[in-house]
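The analysis underlying the following values was restricted to heavy atoms, covering all of them including side chains, and did not include hydrogens, waters or symmetry mates. Along the sequence shown, residues are numbered consecutively beginning with 1.
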Amino acid sequence: VKSIRGYARGIGYSAFKAETPANLNHIWNAVKINDKWQFVDVTWDTNSGSGEKTQHRYNRNYLLCSPEVLIHTHWPRDDRWQLLKKPITVKKFKKLERAGRKHY
């Protein structure tokens, strides 16, 4: 299991902020199962909403999520943790449409 630091299109994310280590806004995990890395984001699978409107309920939208889906909402600071054949830049990440996930 590895912890991945980066940016996520959730609470606290702004496509207009400068991407520096000081304003990374999220951490998620990569897990290796049968010699294959996959992503897990237990934060996004546990909560929806914010503040008084936060609803605590579990789903599996971000359990063993593929790199091709996760890149629409999560951009790791370290390119190798995109797990894509050809990593994308943060500039391209900002322009990507959000994938068909319930939250975003």
**OP:** Using side chain to side chain contact (heavy atoms under 4.5 Å, CB included) as the criterion, list what pairs up with Ile27, not counting sequence neighbours.
**Re:** Ser3, Arg5

Subject >> With Lys91 via side chain to side chain contact (heavy atoms under 4.5 Å, CB included) - residues at least two apart >> reply: Thr89, Lys95

**OP:** Please examine the side chains of Trp28 and Cys65, heavy atoms only from C-beta on, and report whether any two atoms are closer than 4.5 Å.
**Re:** no

Subject >> Donor-acceptor under 3.5 Å (Arg9 side chain, His74 main chain) >> reply: no

Original post:
Counting only N and O atoms by type, is there a donor-acceptor contact under 3.5 Å from the side chain of Trp75 to the main-chain atoms of Ile88?
Top reply: yes

Original post:
When you look at Val42 and Tyr62, which way does the side chain to side chain contact (heavy atoms under 4.5 Å, CB included) test go after all the steps?
Top reply: CA-CA 7 Å; Val42 297; Tyr62 297 91; over 6 Å; no

**OP:** Apply side chain to side chain contact (heavy atoms under 4.5 Å, CB included) to the pair Lys2 and Asn29, showing each step before the final yes or no.
**Re:** CA-CA 6 Å; Lys2 298 286 184 179; Asn29 298 103; over 6 Å; no

**OP:** Check Ala30 against Trp37 and note the closest heavy-atom contact, atom names and distance.
**Re:** O-CZ3, 3.5 Å

Subject >> Heavy-atom pair of closest approach, residues Tyr7 and Arg77 >> reply: OH-CD, 3.8 Å

Original post:
Going from CG on Asp79 to NZ on Lys86, what distance comes out if it is rounded to the nearest 0.5 angstrom?
Top reply: 12.5 Å

Original post:
Roughly how far, to the nearest 0.5 Å, is CG of Leu70 from CD1 of Ile4?
Top reply: 10.0 Å

**OP:** Take Asp41 and His26, measure what side chain to side chain contact (heavy atoms under 4.5 Å, CB included) needs, and give me the verdict at the end.
**Re:** CA-CA 10 Å; Asp41 190 334; His26 196 56; 2.6 Å; yes

**OP:** Report the C-alpha distance between Leu64 and Ile33 in whole Å, list the side-chain angles of each, state the deciding distance to 0.1 Å, and finish with yes or no for side chain to side chain contact (heavy atoms under 4.5 Å, CB included).
**Re:** CA-CA 10 Å; Leu64 306 180; Ile33 301 171; 3.8 Å; yes

**OP:** Sequence neighbours left out, what passes salt bridge (charged side-chain N to carboxylate O under 4.0 Å, His left out) with Asp78? Give chain and number order.
**Re:** Arg80

